[in-house]
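Only this structure's heavy atoms are used, side chains among them; waters, hydrogens and symmetry mates stay out. Just so you know, ligand 1 is whichever comes first in the structure, and atom 1 is the first atom listed for that ligand. FYI, the numbering just counts along the sequence from 1.
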Amino acid sequence: MSRSVLVTGGNRGIGLAIARAFADSGDKVAVTYRSGEPPQELTEAGVLAVRCDITDTEQVEQAYKEIEEKHGPVEVLVANAGITKDQLLMRMTEDDFTSVLDTNLTGTFRVVKRANRAMLRAKKGRVVLISSVVGLLGSAGQANYAASKAGLVGFARSLARELGSRNITFNVVAPGFVDTDMTQALTDEQRKGIVSQVPLGRYAQPAEIAAAVRFLASDDASYITGAVIPVDGGLGM
Ligand code: NAD
């Protein structure tokens with residue numbers, strides 16, 4: 001059955017792989033992105049691309065209206081959009097901290113709250129949040145990012161309790177290090193250091209994160225809610 005799926009930050013990296021995975025399953029997929037044109041392959045695959053900054057409630061509202069008009073109410077939400085602004089604590093400005101929280105955590109709140117309007121009406125829904133192994137382990141120089149990603153776990157587990165009786169599931173995928181623009185900024189030395197700590201000895205490919213997300217949104221995961229699934233090559237165990 002073709003479902004209306006929304007992937008935030010779906011124009012590149014992990015979000016793009018997630019959008020591809022749902023489109024390959026025959027779902028009606030919409031992606032939001034903040035900047036940069038989405039790749040042609042997405043539009044050719046029939047994916048609806050909507051520009052939307054998730055730090056702006058009005059833009060979120062407009063994006064949902066457009067998606068609902070074209071695809072119907074969102075049945076599966078993947079809250080993937082996120083940013084980093086790495087800095088050691090004493091050099092981290094208040095803006096470095098609050099802007100990361102505002103995108104990764106409050107931005108997720110905005111899109112989840114809006115999606116739940118229709119999910120409550122439909123008495124079903126699937127929400128998957130993209131956290132990070134860093135939210136579970138911590139990471140020097142990433143206190144803002146780690147706090148936002150750990151926050152997503154409490155957020156999802158609270159909503160899993162609050163809305164389980166309404167047949168809406170909330171699960172979290174916690175990727176390790178994935179080969180995307182976000183990790184391209186690391187030096188070769190940093191990359192080697194990371195890989196040496198990963199039991200599987202390599203970075204993840206975005207499609208490997210997408211596979212876990214697609215599972216959590218599938219009927220096979222009908223009795224899973226409030227779960228945090230690490231997809232990290234064993235890094236966080
Ligand atoms: P990326 O930088 O390639 O993509 C980030 C996406 O988020 C982009 O599509 C961008 O448009 C969108 N975005 C950022 N700010 C936004 C805003 N204000 N409004 C709307 N969209 C916004 O990153 P990625 O590596 O593909 O990461 C995707 C998610 O996975 C992020 O939440 C990230 O924290 C998480 N993650 C990534 C890794 C990794 O190693 N790459 C590891 C763990 C978790």
**Asked** In terms of heavy-atom contacts, does CG of Asp181 have more than 12 from other residues, nucleotides or ligands at under 6.0 Å?
**Response** yes
**Message:** What I want to check is whether the side chains of Asp102 and Ser99 have a donor and an acceptor closer together than 3.5 Å.
**Reply:** no
**Asked** Looking at Glu66 and Lys70, does any basic side-chain N land under 4.0 Å from a carboxylate oxygen?
**Response** yes
**Request:** Look at Arg117 together with Glu68 and state whether they make a salt bridge at an N to O cut-off of under 4.0 Å.
**Result:** no
**Request:** Considering non-hydrogen atoms only, spot the tightest contact between Asp232 and Val133 and give its length.
**Result:** OD2-CG2, 3.6 Å
**Request:** Kindly assign one of parallel, tilted or perpendicular to the pair Tyr203 and Phe177, based on the angle between their ring planes and the thresholds 30° and 60°.
**Result:** tilted
**Request:** Below 4.0 Å from any atom of ligand 1, which residues have a heavy atom? Give them in chain and number order, please.
**Result:** Gly9, Asn11, Arg12, Gly13, Ile14, Arg34, Cys52, Asp53, Ile54, Thr55, Asn80, Ala81, Gly82, Ile83, Thr103, Ile130, Ser131, Ser132, Tyr145, Lys149, Pro175, Gly176, Phe177, Val178, Thr180, Asp181, Met182, Thr183
